[in-house]
Amino acid sequence: MTNPLYDALIGDKSQSDAPFLETSNGERFSYVQFAARAGQAAHALQQLGVRHGDRVMVQAEKSADVVALYLGTIRCGGVFVPLNTTYTANEVSYFLNDAQPVVIIAKPENYDALETVAKEAGAKLLTLSDDGKGTWFDFCGNTCSAVFASKCSSSDLAAILYTSGTTGLSKGAMLTHENLLSNAKSLMQAWQFTPQDVLLHTLPIYHSHGLFVAINTTMCAGASMIFNHKFEAANVIEQLRQATVLMGVPTHYVRLLKQPELSNQTTSNMRLFTSGSAPLLAQTHDDFTAVTGHKILERYGLTETNMNTSNPYIGERRAGTVGMALPNIQVEVRNPETGEKLPVGETGSIEVSGPNVFAGYWRNMEKTYAEFRSDGFFITGDLGFFDEDGYLTIIGRSKDLVISGGLNVYPKEVESEIDSIAGILESAVIGIPHEDFGEAVTAIVVKKGDNIVTRQMIIDTLSNRLAKFKQPKEILFIDELPRNAMGKVQKNILRDQYRNVYGKN
Ligand code: AMP
């Protein structure tokens, strides 16, 4: 084996005529055609000076070119560094200085702003536009696909993914060939992927969900993808007739449920719907089953670990839980202070060990040490508990835990109570600085349509359901919760927006 990840994704299928990718602008590739395309990208990267271990940074809209860049980078032993497409040129400058890539492929509109900083960081700057044009295309379009094969080992880096960084600066998670490959194989088996599968791909590909969970798993199985630029519910319903698997984030399912065409007929070709990256409400899970007959399979992972747990393919998919640990991965709930394993039913810090766990943060030993235990377990920053049957429930991020009057309040418990009140769509519970309590439990609530739910109605209902210290000190209404592209509620934005609710902070 010369290149563990590349060989398993496409190298071993590089002579196969089986379909691989169909994009929304009508491009179609078989595996053999795409291997040639990835070879061209690898050849061009090598001509630009990329050698074993060098970083290739990409900030470009989702396209077949970006997938070819990913595979081409791995093919020449490089390290792929995709960036969120919404980052500004100023933010990209930070990543350039941090990762010091040999090549950066950026959006044409950022060229002027990045030119100097790219030069200073020693990176060659090329461009790739939404319609596939730019200097990268000019350089790569007609090259041959001959590559000096770079021998890689399982412990070599394949990618650096920057975490979404809602607190402090974003950190680069270093992922090895083994991290990515072991997880792709695990998911392929756990979710029973076969070459006949067709994944409807609607996720961004700068994030581990769309890039690794979706693409690596599909390719490992030799299956194919319908590759949409983005998620559009009406379009997705049409395409479900040609697909067998959809990987979504919870907001996708909420949007699908609003489509009158969603039914067991329009989903009859499908064998699997998965959800992750943010909590799927049990209500959404149940509504989806009622309309389509399909039970969404919820799973849990992080940029640093890929996937850790999954509900079973065969067996009970328990709404509100993220299922059991995947084979060969140890997931434990531990005492956050001592690291001691906690018994079933007790809430604590979710910690993970296994071949999926990343190699540390790029050039940041301090952060790496802070987030690993001495026995090698990675502290995910999530809180949760296991039930008797080994199903894990996530309660939230430890940094979102509210400590009010010295007592711990888990936002999810309060949110679930609020969400169950008639006329309420959803809520986010946050801690806001407060003179007496340190932090005051504060609920930000979205009403369903024009319902006349009042602050007092919510306070009265909760007074019988939650201990006094868990009851919100203030309830504020908002039209919509701020979410990122992966459907995660951005509580940092809410904390900032409402920081002065109890006085100036
Ligand atoms: P990211 O690194 O952007 O993939 O974000 C990882 C975080 O997303 C985890 O630490 C969890 O807080 C959250 N997350 C991922 N999957 C789930 C899920 N199924 N339910 C609840 N939270 C999730």
Side-chain angles (χ1 to χ4, degrees), residues 82-84 86-87 159-168 170-175 179-180 183 187 191 203-214 247-254 273-285 295-312 317-326 329 331 333 336 347 349-352 356-358 361 367 371 378-386 391-401 410-413 415-416 426 428 483-492:
L83 293 183
N84 189 316
T86 62
Y87 285 140
I160 296 176
L161 254 62
Y162 281 91
T163 56
S164 32
T166 47
T167 47
S170 185
K171 309 172 291 271
M174 299 190 288
L175 295 152
N179 293 152
L180 301 179
N183 216 242
L187 295 177
W191 298 344
L203 295 159
I205 55 171
Y206 51 74
H207 186 270
S208 68
H209 193 169
L211 184 60
F212 302 140
V213 182
M247 296 185 186
V249 298
T251 26
H252 292 169
Y253 291 106
V254 172
F273 290 90
T274 71
S275 177
S277 292
L280 179 76
L281 293 180
Q283 186 65 49
T284 311
H285 185 280
K295 279 187 180 283
I296 300 171
L297 179 154
E298 188 170 4
R299 92 296 175 286
Y300 156 67
L302 289 87
T303 302
E304 289 90 335
T305 62
N306 280 279
M307 297 306 100
N308 300 314
T309 71
S310 170
N311 268 281
R317 298 181 194 166
R318 216 168 267 185
T321 81
V322 293
M324 301 95 158
L326 285 161
I329 298 177
V331 181
V333 169
T347 296
S349 152
I350 302 174
E351 307 190 3
V352 183
N356 57 321
V357 176
F358 74 132
Y361 293 111
K367 269 281 164 200
E371 295 187 21
F378 171 62
I379 304 167
T380 63
D382 291 311
L383 298 168
F385 63 89
F386 276 109
Y391 286 79
L392 180 68
T393 297
I394 297 176
I395 294 294
R397 301 282 300 160
S398 55
K399 68 175 172 7
D400 292 334
L401 181 77
Y410 296 108
K412 190 174 174 192
E413 188 187 355
E415 288 160 7
S416 304
E426 58 178 354
R483 285 194 150 85
N484 70 10
M486 303 310 295
K488 290 185 214 296
V489 175
Q490 294 174 296
K491 289 195 170 176
N492 54 323

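Given the structure is predicted, the values throughout are model-derived calculations rather than measurements. Read the numbers this way: they start at 1 and go in the same order the structure lists the ligands and their atoms.
- The ligand atoms of ligand 1 that sit less than 4.0 angstrom from a heavy atom of His207 are 1 (P), 3 (O), 4 (O).
- Judged by distance alone, the side chain of Ser170 and the main-chain N or O of Thr163 form a donor-acceptor pair under 3.5 Å.
- Here the heavy atom of the protein found nearest to atom 16 (N) of ligand 1 is Ser277 N, 3.1 Å.
- A side-chain donor-acceptor contact under 3.5 Å links Asn311 to the backbone of Arg318.
- Of all heavy-atom pairs between Ser208 and Leu161, the closest is N-CD2, 3.6 Å.
- Checked by distance only, ligand 1 and Tyr300 stay at 3.5 Å or farther apart across all their nitrogen or oxygen atoms.
- The closest approach between Val322 and ligand 1 falls below 4.0 Å for a heavy atom of the residue.
- Close to ligand 1: Ala278, with a non-hydrogen atom less than 4.0 angstrom away.
- For the pair Thr305 (side chain) and Gly301 (backbone), a donor-acceptor distance under 3.5 Å is absent.
- Each of the following atoms of ligand 1 lies closer than 4.0 Å to a heavy atom of Arg397: 10 (O), 12 (O).
- Of the listed options Gly301, Gly381, Pro279, Gly320, Gly301 places a heavy atom closest to atom 15 (C) of ligand 1.
- Of the polar atoms of Ser208, none of the N or O atoms is found under 3.5 Å from an N or O of ligand 1, judged by distance alone.
- Contact between Glu298 and ligand 1 is present, with at least one heavy atom of the residue lying under 4.0 Å from the ligand.
- In this structure, the separation between OH on Tyr361 and CD on Glu304 is 3.5 Å, given to the nearest 0.5 Å.
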Practice task
Decide yes or no on side-chain contact (heavy atoms from CB on, under 4.5 Å) for Thr380 and Tyr300, but give the supporting numbers first.
Solution key: CA-CA 11 Å; Thr380 63; Tyr300 156 67; 3.4 Å; yes
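- For the pair Lys488 and ligand 1, the shortest N or O to N or O distance falls below 3.5 Å.
- Taking distance alone, with nitrogen or oxygen atoms compared against 3.5 Å, Thr303 approaches ligand 1 more closely than that limit.
- Asn179 places a side-chain N or O within 3.5 Å of a backbone atom of Val357 that can act as its donor or acceptor partner.
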Problem - Derivation and outcome, side-chain contact (heavy atoms from CB on, under 4.5 Å), residues Tyr410 and Leu401 - result: CA-CA 6 Å; Tyr410 296 108; Leu401 181 77; 3.3 Å; yes
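- No side-chain donor-acceptor contact under 3.5 Å links Thr274 and Trp191.
- Heavy-atom separations between His209 and ligand 1 are all 4.0 Å or longer.
- Nearest protein heavy-atom contact of atom 12 (O) of ligand 1 is Asp382 OD1, 2.6 Å.
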